[in-house]
Number of protein chains: 2
Amino acid sequence: MSNSEHEYSCDNTLMQLLGIRTPIIRQGDDLVQILLESLEKQGTKLQNGDIIVLAESAVATSEGRVVRLADIEPTEEACELALNYQLDPREMQLIIEECDEIFGGVPGAALTITRGTLSPNAGIDSSNAPDGCVVLLPEDPQKSAAFIRKGLEKAFSCHIGVIVGDSRTQPLRLGCVGIALGTSGIEPVEDARGSLDIFGKELKITRKAVADNIVSAAQLVMGEAGESIPAVIIKGAPVKMIEGSVEMPLFSREECMYYSNINKNRK
Amino acid sequence: MSNSEHEYSCDNTLMQLLGIRTPIIRQGDDLVQILLESLEKQGTKLQNGDIIVLAESAVATSEGRVVRLADIEPTEEACELALNYQLDPREMQLIIEECDEIFGGVPGAALTITRGTLSPNAGIDSSNAPDGCVVLLPEDPQKSAAFIRKGLEKAFSCHIGVIVGDSRTQPLRLGCVGIALGTSGIEPVEDARGSLDIFGKELKITRKAVADNIVSAAQLVMGEAGESIPAVIIKGAPVKMIEGSVEMPLFSREECMYYSNINKNRK
């Protein structure tokens, strides 16, 4: 990272985030090409160790995951569940098709697990979708991250990380934070077990959700609304770069203190 | 924000994070004084709009919230619950005393609500505590944030934001992300309802957990272990500054899709 001209002293604790403004992303767009053009327009070059966070809606849209609700014929099950959760029956139909499991909900949101990740409404969103349409999650966010990483790395001859990010609510908290759906080129969860605390004692169970934290940081710059900043560059993040991609590590449902309590109480 | 010498063009999408290294914080320490000395040593000045994230353990320790486990006499109830959740009975006793409510748990963690926030083990932590001791959460994190903000603002004659942050796991995710326990000088949750998406449609239910996202960003720089970086400055965060402090807005248990499902299943 080059920060010699910076007002701060050069230090490994300096991290920088820069939004990338793009035109509106549409179905079939070449996202790598759009990012390259937008970066050039801003005069920004990617360097080794940089991380790009991409909004899942932009990735999904470019991959053609936009569905016209008028084309969906809801089943009886979907109509029933839609009443339960006060959702559009056609959106409910898509949720059923997309998710692995529905295990509850509140008015406006069915609580699902979709591709291993807890996703209200299977991650289906009508924001930033054309009128009358919704955007499904990217089919394979890790594959998308790997594909975009390779395209950008080739253009800049460097090793970077790419994260496809989304937003989620947390239990009993108001407002959305970031979550990583897929990553490539970085270690998404850092295992800090065995590290020592400031008193030299061994930490017991601390893992850091590095990729989720990076998406949360990026969302500050990105915004949720019409800012047209679907991508953010992070420079100087103290993240472990890797060759290739690793799956988001799974957390067993029994170990999860939230899920296991939902589960237990259901019996 | 002064970034005229920076390699990027001046842009409102540039955000910077800088860790503040301090000596180990001990009980009774004047945290404002330590921060001022550490900032001076690093040659960093605070400016209007800067936000400081402080690790709750540093704040709590300076406020004397360190408890020697040997001094705690667990009740029968604590011993029973400690067996249930595989915790030290003395720590369990402190959890009972600190929390508003225990509503479940897994081995190693009792799931509680403590001062309105979902906090495993009532936020009590033995990491970064002296041997044989644990650190309780700050008694009133918002008050702590306001106090430290005033001290720093006076020294630098500027208006800043202060957040007392902690880490939390998310449902079915591996690893900890950031959470704001108390804030001062900023709007902790931004209401984006009524904003327009990229297609000009009104967003329906999006609120941004700005303070939580800022803590997550800071935790990338901070680390969880013995790095002695209990504070991080964020410059250029697109956050709404306010006079004074507002409480973290409460989310009703019924509206929360996680909690309401736990709750429903209990009936």
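Every chain is numbered from 1 and lettered A, B, ... according to where its sequence line falls, protein lines coming before strand lines.
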With side-chain contact (heavy atoms from CB on, under 4.5 Å) as the test, would you mind laying out the steps for B/Val210 and A/Gln219 before giving the verdict? CA-CA 9 Å; B/Val210 172; A/Gln219 289 204 337; over 6 Å; no

Evaluate the side-chain contact (heavy atoms from CB on, under 4.5 Å) criterion for residues B/Leu172 and A/Ile113: first the C-alpha distance (whole Å), next the side-chain angles of each, then the deciding distance (0.1 Å), finally the verdict. CA-CA 9 Å; B/Leu172 289 178; A/Ile113 295 178; 3.5 Å; yes

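When all heavy atoms of B/Asn213 and A/Cys176 are compared, the pair lying nearest together is ND2-O, 3.7 Å. Closest non-hydrogen pair, A/Leu220 versus B/Lys208, comes out as O-NZ, 4.2 Å.
With a 4.5 angstrom heavy-atom cutoff, B/Ala180 touches chain A via backbone and side-chain atoms both. In this structure, the portion of A/Val189 lying under 4.5 Å from any heavy atom of chain B is its side chain and not its backbone. For a residue to count as touching a neighbouring chain, one of its non-hydrogen atoms must lie under 4.5 Å from one of that chain's; by this rule B/Ser57 does not touch chain A. Heavy atoms closer than 4.5 Å to chain A are found nowhere in B/Ile234, neither backbone nor side chain.
The structure places CE of A/Met15 at 11.5 Å from CG of B/Leu18, a figure rounded to the nearest 0.5 Å. Rounding to the nearest 0.5 Å gives a distance of 4.0 Å between CZ of B/Arg173 and CG of A/Asp212. Atom CG in B/Leu174 sits 8.0 Å away from atom CG in A/Asp191 (nearest 0.5 Å).
Per-residue counts of heavy-atom pairs under 4.5 Å with chain A were compared for B/Val239, B/Val232, B/Ile179; the largest is that of B/Ile179. With chain B as partner, the option from A/Gly178, A/Ala217, A/Pro171, A/Gly116 having the largest number of non-hydrogen pairs under 4.5 angstrom is A/Pro171. For the set A/Ala129, A/Pro188, A/Ala110, the count of heavy-atom pairs under 4.5 angstrom toward chain B peaks at A/Ala129.
Residues that satisfy the side chain to side chain contact (heavy atoms under 4.5 Å, CB included) test with A/Val66, not counting sequence neighbours, are A/Gln27, A/Thr61, A/Pro130, A/Cys133, A/Val135. For B/Asn121, the side chain to side chain donor-acceptor pair (under 3.5 Å) test picks out no residue, with sequence neighbours left out.
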